**Q** 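Have a look at this one before I ask anything.
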Amino acid sequence: MGDSEEVVMMAAKRDGRSVMRLERMFRSEIDDKLLLHVAGGPHKGILIAKAVDNLKDVEPAEGRLEFLAYLVNEEQHNQSVQDYWTLRFWFRGQAEGVVKKKTFTDYFQELMNPSSFPKNYIGFIKKALVLLKVYHVIKRVELEVQETEDPSPEESIPPIKSFTSVFTPASYTYQLVPEVQINNKTFITFMVKAAADAHVALSAVYGDVDRKTYEIVIGTDGNTKSIIRYGAGGPIMVESMTMNVLSEEEFRYFWVNWANNKIEVGRGANYGVGAFLQWTIPPSKQFNINCLAVSTGTPSRGQWEFAELLDAEKDFGKEAKKKRIKHSLLWIAKKQKMLQCLEDAYPNMVKTAEMFKYCKIKQSDTMAALVFLSDMQKKNLIKEVEGGYWMRLQKSQESEIIKHEVKIVKHMPELKASEQPTIAIVTSLFCEKVAVDAMIEEKTTYVKYKTEGESQVYTLGRIGKFKVVSTKVSRKSSSEQEARICAENTITRLLGSFSKIHHVLIVGVGSGVPHYSDGNQHVRLGDVVVSVPSRKNGAIYMYCDKIEKMTDANGYNYSTREWDCSDNSLQDVAVSLKQIMERDTNPQRPWDRYMNDAKDILQTEESNFHRPPMKTDRLFYTDDNGTDLELKHPAAGKGYRVGQSNCRLGVIASGKLVSRSPRLRQSFAEINGIRAYDSDVTAVLESLEGNQNNSFIIIRGISDYSSGSRKEWQPYASLAAAAYMKSLIYALK
């Protein structure tokens, strides 16, 4: 007989309770003398073992369900019997926590489906065995039955408790617990067994415990006190003496509440009772909690259990559950699209009807969409400036180190001559504008709005010794021509409103031009490319408007428009700054410091400005057949710091004709010394040219290798570009 995998049922008693264990085992592991029955036919592969006194000890279960069961006792004239049942689950392989929870929940729901629910114990166990053969992720199921004489009222449905177990090693490494959904809650209760240092992280962004995170540490300092931090390992907000609050011998109950911008932590199973930590969250540190993670410190391993109640009426049925999940995900996507619509339009406003049309909101869904808009307005993400006109909001901030007031006005205040900015910064994306403003000191933002026509946004402040103003070009237009007119008007109004502007910096994201073999020429995600000519008196920006294939050669002719500056002050500073950095052995360059400082300011923003994981920086090459091949990045060149933002100097370009084809992009770049592409700022440059501005520079943080539109890297790339901008301005004479 081959060494096939079988499902074996074993029965025993444990502390006076009946226990049945259903386990996958190889045939070679099974002693035939202990078998009572070997199933055949459609149930082949199911074995029933003889009852034993004790079951073999195994590791703790990874999931658990507790509920009251009503079955028929045939020995007592088919009388209904109520027992308290516990189902425990073990899994094989390294399945994610969400997969494990979904698997045992689906298994349970199919097992307990009212339309096919067994009437007696034998039918129940038979069904459990048959289902286990289908759910291959489950390694072992254990059913423990405890008789109870405390019947529930017949009109009520007793709760089904679902327990998720998490095991944390003795190292300060957070383990995400996505199977415990907390984005729709304001408190959790849990049990933990650990000697000391039980960490709970409540975060806004999945997987990010450094930014927008409240860290609760129970039993730190040798199990003598407990604390709340802002950010993992961050500053302590509040602490309390809690001697021996944890135990490595037994589970202890705790609860955490975060309602009404106040965090409370208490001991015991009764939520709201026994609080020992309380912290009122200041406005600058408030955010929506969407993710849970846990950890234990080096002194101790930890075992955690999180309990939830399943709704016996609502949660049964896979199809109903799938529909609810699909509906929820659909509305999350629509909500994000509405926010994106307003961010693209900013500083312009968008009518409700136009937004719903753009986001494809059905007539039957308008009430739900309005509720989402109202919810976003309560969170100060957006504002209904006038009836039916919506605008994305930049956040005002006020603290000991940050002061940023945002004012929505009909008219701009008059500035004295001494207050007039001499440097202007132009952005296109909302995350670019936010990142740039994080670099400006002593700032005030004015949003000059119109319900019809174009609005303007100006953030006035200081960088170093220079007065500066930043603005954003609206990206929400019905046509390409309208977008060009909007961009030209934005620059004309900017230079008209602030007549002393001498330098203009165009700051934001772009796509890098990689080099597949030379690390000294290679550009990676998160790097910064600055527009400097590749040859003497050459262009700093090029636009390809026509491509013709050569008839007598294997190549193309490119028709271009080019821009350079008659005043090269900014380019000279960029070259000088790069030379200084190449000679400097200081581990931290100025833009590194500015990025770290800005992350504190940007903590409350919706976008995540932290650097994405290195594994998401993937490099592809398109061969002659159009096949994409993934390649390794070339070895880092001299002075290049992998995992940080590095600066490259070169020409920046745009043009749909060339940017759509990987082969043409690479060819055009090699011929002209191009280091990055962007989404086309020719309208901005033409307006600068028409207004006789002769000093400008383009700074692009690299967010992808194709179009600059990869959203995952855009916030960080925006921050890198803004930090370099600040370094450049500080170096300007």
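Small disclaimer: the values here were computed from a predicted structure and weren't measured.
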**Q** Is there side-chain contact between Phe26 and Glu29, with at least one heavy-atom pair below 4.5 Å?
**A** yes
**Q** Just so I know, are the side chains of Arg92 and Arg24 near enough to count as touching, which here means a heavy-atom distance under 4.5 Å?
**A** yes
**Q** Taking ring-ring contact (aromatic ring centres under 6.0 Å, His included) as the definition, give me every residue that meets it alongside Phe104, ordered by chain and number, with sequence neighbours left out.
**A** Phe89
**Q** Is any side-chain heavy atom of Glu142 less than 4.5 Å from a side-chain heavy atom of Met20?
**A** no
**Q** Taking 4.0 angstrom as the limit, do Glu305 and Arg64 come out as a salt bridge?
**A** yes
**Q** Given the ring of Phe251, does Lys193 sit roughly above its face, with NZ or CZ under 6.0 Å from the centre of the six-membered ring and within 45° of the axis?
**A** yes
**Q** Do any N or O atoms from the side chain of Thr296 and from the backbone of Ala170 form a donor-acceptor pair under 3.5 angstrom?
**A** no
**Q** May I ask you to decide whether Asp32 forms a salt bridge with Arg27, counting only side-chain N to carboxylate O separations under 4.0 Å?
**A** yes
**Q** Say whether Glu6 and Ser4, considering side chains only, have a donor N or O and an acceptor N or O under 3.5 Å apart.
**A** yes
**Q** Do Trp304 and Thr164 get their side chains close enough for a donor-acceptor pair, meaning under 3.5 Å?
**A** no
**Q** Would you check if Asn290 and Leu202 make a side-chain contact, meaning some heavy-atom pair closer than 4.5 Å?
**A** no
**Q** Classify the ring geometry of Phe287 against Tyr230: parallel below 30°, tilted from 30° to 60°, perpendicular beyond 60°.
**A** tilted
**Q** Under 6.0 Å between ring centres, would you say that holds for Tyr135 and Tyr107?
**A** yes
**Q** Using only heavy-atom distances, determine whether the side chains of Ser226 and Thr242 contain a donor-acceptor pair under 3.5 Å.
**A** yes
**Q** Mind checking side-chain contact (heavy atoms from CB on, under 4.5 Å) for Thr189 and listing every partner two or more places apart, or none if nothing turns up?
**A** Phe187, Trp255, Tyr271
**Q** Do you know which of Glu5, Glu62, Glu59 makes salt bridge (Lys or Arg N to Asp or Glu O under 4.0 Å) with Lys139?
**A** Glu59
**Q** Where do Ser703 and Leu525 come nearest, in terms of heavy atoms and distance?
**A** C-CD2, 3.7 Å
**Q** Is the distance between the ring centroids of His610 and Tyr716 less than 6.0 Å?
**A** no
**Q** How about Trp258 and Ile281: do any of their side-chain heavy atoms sit closer than 4.5 Å?
**A** no
**Q** Ignoring hydrogens and geometry beyond distance, is a side-chain donor-acceptor pair present between Asp197 and Thr220 at under 3.5 Å?
**A** yes
**Q** Is Lys126 close to His43 at the side-chain level, that is, under 4.5 Å between some pair of heavy atoms?
**A** yes
**Q** When you measure from the centre of the six-membered ring of Tyr358, is the NZ or CZ of Lys337 closer than 6.0 Å and no more than 45° off the axis?
**A** yes
**Q** In chain order, what residues pass the ring-ring contact (aromatic ring centres under 6.0 Å, His included) check against Tyr516, with sequence neighbours excluded?
**A** Tyr621
